[in-house]
Protein chains: 2
Amino acid sequence: MTTQQQDPPAVRRRVRLTPEQRQAQILEAATRLIARHGFTGMALADVAQGVGLTQAGLLHHVGSKEGLLELVVSQLYDRRGTPDDYVATGDPAATHPDGISLPGYFRFLVAFNAARPELLRLYTVLGVEASSPEHPAHPYFLDRPDQVWGFYRGFAWRLPPEVGPFDGLRDLVEMTIEAMDGLQIRSFRRPAVDLATEWAKFERVLYPAPVWDGYR
Amino acid sequence: MTTQQQDPPAVRRRVRLTPEQRQAQILEAATRLIARHGFTGMALADVAQGVGLTQAGLLHHVGSKEGLLELVVSQLYDRRGTPDDYVATGDPAATHPDGISLPGYFRFLVAFNAARPELLRLYTVLGVEASSPEHPAHPYFLDRPDQVWGFYRGFAWRLPPEVGPFDGLRDLVEMTIEAMDGLQIRSFRRPAVDLATEWAKFERVLYPAPVWDGYR
DNA sequence: GTCTATACTGAGATAGAC
DNA sequence: GTCTATCTCAGTATAGAC
């Protein structure tokens with residue numbers, strides 16, 4: 001004789017959401033899990049559980065594990081802080097008639113990212129994992145430096161005369177991104193650091209006085 | 001009728017090496033594969049193939065997959081460029097009677113790492129992967145900032161008076177490591193960059209003239 | 001759209017012969 | 001120390017009912 005009991009009828013089964021709601025849910029759960037375990041280390045069943053579906057139910061939406069990754073990567077474009085977002089804040093350094101403050105924008109970007117830790121971590125973890133040529137996200141990250149520069153170069157930055165608008169600016173942008181990536185890795189470790197505080201240190205060396213006084 | 005042929009008797013079977021030779025082989029193969037695919041993404045069978053063993057044969061040496069990781073991590077201590085290594089080069093900036101050049105040492109470290117790309121990549125890939133608390137290498141990387149500082153602070157650096165030997169130096173060391181980590185991520189992408197060339201740019205901003213003139 | 005059930009695969013680990 | 005053979009488990013994917 002066993003102590004088994006009849007399972008109570010499961011509640012909230014087969015909840016049917018709109019495709020948009022489901023997709024947003026899936027993105028949220030996948031972002032969190034890939035950020036933590038990488039794409040390789042993440043299991044579809046865990047994403048499914050995160051959105052209250054079975055694995056088969058999840059696969060109905062994304063087709064395959066790689067399809068889920070494509071979904072996640074494709075929406076990275078929409079979830080980043082752009083110079084236009086910075087201008088839209090109305091910050092005087094952003095709306096200055098001579099152009100947008102470069103240090104000001106990157107300060108804004110750090111704050112933007114710091115408010116979205118899962119997304120930031122996703123970028124780092126996926127970006128490093130995708131350094132392997134066999135990784136499905138490899139092509140996306142391989143050309144990021146060119147893509148980022150192609151995007152940023154199109155804005156009207158307010159730069160000190162010492163910084164050329166081409167090579168000088170590009171070097172500065174690349175170093176800035178490298179410093180941010182390194183700071184992000186640091187933020188995984190102890191003692192814990194505050195991104196904005198640590199970034200202020202880099203800002204002082206990357207955009208030093210007196211050259212950048214009045215351009216921040 | 002098939003074209004099958006009798007396989008030639010496999011050559012070099014059951015090659016028995018000394019434990020030291022085997023361990024060195026295993027380390028080399030594991031480093032390469034973890035650097036490429038991460039610890040999660042790496043398969044024991046591939047490491048085994050890399051050293052000419054079966055998976056069972058490899059497990060005889062390392063016990064388990066986690067045992068292999070411990071082996072890899074434990075030897076990271078021995079394979080890094082230390083300030084002492086820098087002094088041993090005889091470089092005048094290293095053997096200066098007033099102390100070791102900090103920018104000079106980091107320049108040496110970049111060259112040291114650039115000559116060991118697999119090891120450098122292992123550090124980055126494993127270090128990011130291990131940001132997850134469940135990762136077996138998590139404890140090792142969690143306290144690295146403190147450990148690195150505890151190690152570097154013990155050397156006699158030759159510093160300009162503007163840099164305090166405590167907070168000022170520590171900030172500088174942390175920023176240097178962050179910049180190197182970010183540069184390493186950049187090196188995974190296109191267009192390809194030369195580590196030494198790119199580091200020279202960071203050196204100029206982290207150790208600027210005129211403060212650091214004469215301390216390089 | 002979502003489920004249950006199941007097929008299939010890859011990978012870590014163990015047993016025991018040599 | 002190394003092998004072959006096998007076990008076990010986790011994870012992706014498919015089929016078909018509802």
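All figures in this text were calculated on a predicted structure; none of them were measured in a lab. Reminder, nothing fancy here: chain letters follow the sequence lines and each chain counts from 1. Quick note: numbers below take in every heavy atom, side chains included, and nothing from hydrogens, waters or symmetry partners.
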Rounded to the nearest Å, what distance is computed from the [atom1] atom of residue [X] to the [atom2] atom of nucleotide [N]?
{"X": "Q25(B)", "N": "dG1(D)", "atom1": "CD", "atom2": "P", "value": "13 Å"}
{"X": "I26(A)", "N": "dG1(C)", "atom1": "CD1", "atom2": "P", "value": "10 Å"}
{"X": "L58(A)", "N": "dT4(C)", "atom1": "CG", "atom2": "C1'", "value": "16 Å"}

Contacting residues from residues 35-46 of chain A, given that a heavy atom lies under 4.0 angstrom of DNA chain C: none
Thinking salt bridges, do E198(A) and K201(A) make one under a 4.0 Å N-O criterion?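 K201(A) and E198(A): salt-bridged.
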Any donor-acceptor N or O pair under 3.5 Å, side chains T31(A), R36(A):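 Per modelled atom types, T31(A) and R36(A) side chains form no pair under 3.5 Å.
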Among residues 61-76 of chain B, which contact DNA chain D at a heavy-atom distance under 4.0 Å?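 Only H61(B) qualify.
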Between P19(B) and A56(B), whichever has its closest DNA chain D nucleotide further toward 5' is P19(B)
Mind listing the closest non-hydrogen atom pair of H138(A) and A130(A) along with its distance? ND1-O, 2.7 Å
Could you pull out the closest heavy-atom pair between L44(B) and L58(B), with the gap in Å?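 Looking at all heavy atoms of both residues, the shortest contact is O-CD2, 3.5 Å.
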Is it the case that the base of dA13(D) and the side chain of Q55(A) share a donor-acceptor contact (distance under 3.5 Å, atom types as modelled)? yes
Is the NZ or CZ atom of R121(B) both under 6.0 Å from the centre of the six-membered ring of F188(B) and within 45° of that ring's axis?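 Relative to the ring axis of F188(B), which defines the angle, R121(B) lies inside both limits.
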Ring of F112(B), cation from R116(B) - is the NZ or CZ under 6.0 Å from the centre and inside 45° of the axis?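 So R116(B) does make the cation-pi contact.
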Just N and O in the side chain of H60(A): are any of them under 4.0 Å from OP1 or OP2 of dT2(C)?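 Checking H60(A) against dT2(C): no side-chain N or O falls below 4.0 Å of OP1 or OP2.
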Taking only side-chain nitrogens and oxygens of T54(A), does any of them come within less than 4.0 Å of OP1 or OP2 of dT2(C)?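 Checking dT2(C) against T54(A), no side-chain N or O comes under 4.0 Å of OP1 or OP2.
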Residues 146-157 of chain A side chain polar contacts: donor-acceptor under 3.5 Å, at least two apart:
from: D146(A); atom 1: OD1; to: R170(A); atom 2: NH2; distance (Å): 2.9
from: Y152(A); atom 1: OH; to: Y105(A); atom 2: OH; distance (Å): 2.9
from: W157(A); atom 1: NE1; to: Y152(A); atom 2: O; distance (Å): 2.9

Is any side-chain heavy atom of Q49(A) closer than 4.5 Å to a side-chain heavy atom of V47(A)? no
Pick base, sugar-phosphate or nothing for L59(B), based on heavy-atom distances below 4.0 Å to the nucleic acid. base
Should the heavy atoms of other residues, nucleotides or ligands under 6.0 Å from CG of D167(A) be counted, would the total exceed 12? no
